[in-house]
Amino acid sequence: MKNLFIYLDSCNTCQRIKGELELTDDIALQNTKEEPVTIDQVEFLKEQAGSYEALFNRRAQLYRGRGLHEKDLTEEDYKNLLLDHYTFIKRPILIHNNQAYIGNSKKVVAAAQEALS
């Protein structure tokens, strides 16, 4: 998988982390709203995270809007939702040297910064 930073351009947290990471020119940018994640990317990220559920953003407005919080979702459901709408993918995601750093926790951001240095 190529070096990539997957983010949502309108997300302030993504913008802040993008600035903190000081991304180099060899890392491509992918705004998920304009260029949704592909099946290959989701499969790669699932391998890295351990499950589709681990990639899923429960803070997305559509999660409650579609009543998904009241359903017992399967891994296949999570996979389909990740591919269905850009807001369901946990973000930002840095893929660097075939290692994915998923989400915005301080621990993940620190690990991403370490990987880039």
Side-chain angles (χ1 to χ4, degrees):
M1 183 73 48
K2 70 179 182 175
N3 289 343
L4 185 64
F5 186 73
I6 301 171
Y7 70 108
L8 181 59
D9 196 44
S10 61
C11 171
N12 292 336
T13 302
C14 290
Q15 292 294 347
R16 177 182 53 79
I17 293 170
K18 183 176 156 193
E20 287 176 11
L21 292 179
E22 299 176 9
L23 301 172
T24 55
D25 291 340
D26 69 322
I27 299 172
L29 300 177
Q30 180 177 337
N31 177 7
T32 59
K33 185 172 183 178
E34 295 173 1
E35 187 182 344
V37 290
T38 66
I39 183 73
D40 289 340
Q41 289 172 330
V42 169
E43 294 292 336
F44 171 80
L45 293 169
K46 182 231 181 201
E47 287 176 24
Q48 295 279 308
S51 69
Y52 295 113
E53 183 178 5
L55 301 172
F56 194 79
N57 176 15
R58 285 188 169 73
R59 294 182 184 171
Q61 290 181 347
L62 285 181
Y63 180 64
R64 287 199 165 274
R66 291 186 181 180
L68 300 173
H69 63 292
E70 298 172 350
K71 296 180 180 173
D72 190 16
L73 300 174
T74 65
E75 275 292 286
E76 191 66 23
D77 292 331
Y78 285 117
K79 177 183 176 182
N80 292 332
L81 288 164
L82 290 167
L83 293 167
D84 176 55
H85 200 272
Y86 68 91
T87 60
F88 287 132
I89 191 97
K90 201 175 269 188
R91 60 189 186 270
I93 299 170
L94 172 68
I95 299 171
H96 185 258
N97 293 338
N98 281 321
Q99 177 68 43
Y101 303 88
I102 303 164
N104 58 26
S105 73
K106 288 182 179 183
K107 183 178 175 182
V108 169
V109 174
Q113 285 175 319
E114 180 70 25
L116 291 171
S117 61

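Note that this is a predicted model, so its numbers are computed, not measured.
Closest non-hydrogen pair, M1 versus N98, comes out as N-OD1, 2.8 Å. Smallest separation of non-hydrogen atoms from I39 and L83: CD1-CD1, 3.4 Å. Considering all non-hydrogen atoms of both residues, A115 and H96 come closest at O-CE1, 3.5 Å. Counting all heavy atoms, side chain and backbone alike, V108 lies closest to Y101 at CG1-C, 3.8 Å. Taking both residues in full, the closest heavy atoms of L82 and V37 are given as O-CG2, 4.0 Å, listed atom of the first, atom of the second, then distance.
For R58, the CZ atom is densely surrounded, since the number of other residues' heavy atoms within 6.0 Å is greater than 12.
I17 and L23 fall within a single hydrophobic cluster, where Ile, Leu, Val, Met, Phe, Trp and Tyr are joined by side-chain heavy atoms under 4.5 Å apart, directly or via other members. Using a 4.5 Å cut-off between side-chain heavy atoms of Ile, Leu, Val, Met, Phe, Trp and Tyr, with links allowed through other members, V42 and I6 fall into the same hydrophobic cluster. Hydrophobic clustering keeps L21 apart from L4 (ILVMFWY residues linked when any side-chain heavy atoms are closer than 4.5 Å, directly or through intermediates). Criterion: ILVMFWY side-chain heavy atoms under 4.5 Å apart, direct or through other members. Under it, L29 and V109 are part of a common hydrophobic cluster. L8 is not connected to L62 by any chain of hydrophobic side-chain contacts under 4.5 Å among Ile, Leu, Val, Met, Phe, Trp and Tyr, and they are in different clusters.
Screening residues 11-30 for side chain to side chain donor-acceptor pair (under 3.5 Å), with sequence neighbours left out, gives N3-D26, D9-Q15, R16-E20, T24-D26, Q30-Q41. Counting only residues at least two apart or in different chains, ring pair (Phe, Tyr, Trp, His ring centres under 6.0 Å) contacts with residues 1-59 comprise F5-Y7, F56-Y63, F56-Y78, F56-F88.
A distance-only check finds a donor-acceptor pair linking the side chain of E75 to the backbone of E53 [under 3.5 Å]. Distance alone, capped at 3.5 Å, is enough to place a donor-acceptor pair between the D77 side chain and the T74 backbone.
Residues meeting the salt bridge (charged side-chain N to carboxylate O under 4.0 Å, His left out) test with E43, sequence neighbours left out: K79.
Here the CD1-CD distance, from I93 to Q48, works out to 10.5 Å after rounding to the nearest 0.5 Å. For the atom pair SG of C11 and CZ of R91, the computed distance is 5.0 Å after rounding to the nearest 0.5 Å. Separating the NZ atom in K33 from the NE2 atom in H85 is a distance of 8.5 Å, to the nearest 0.5 Å. The line from CD of Q113 to NZ of K106 is 12.0 Å long, rounded to the nearest 0.5 Å. Here CG of L81 is found 9.5 Å from OG1 of T87. Values are rounded to the nearest 0.5 Å.
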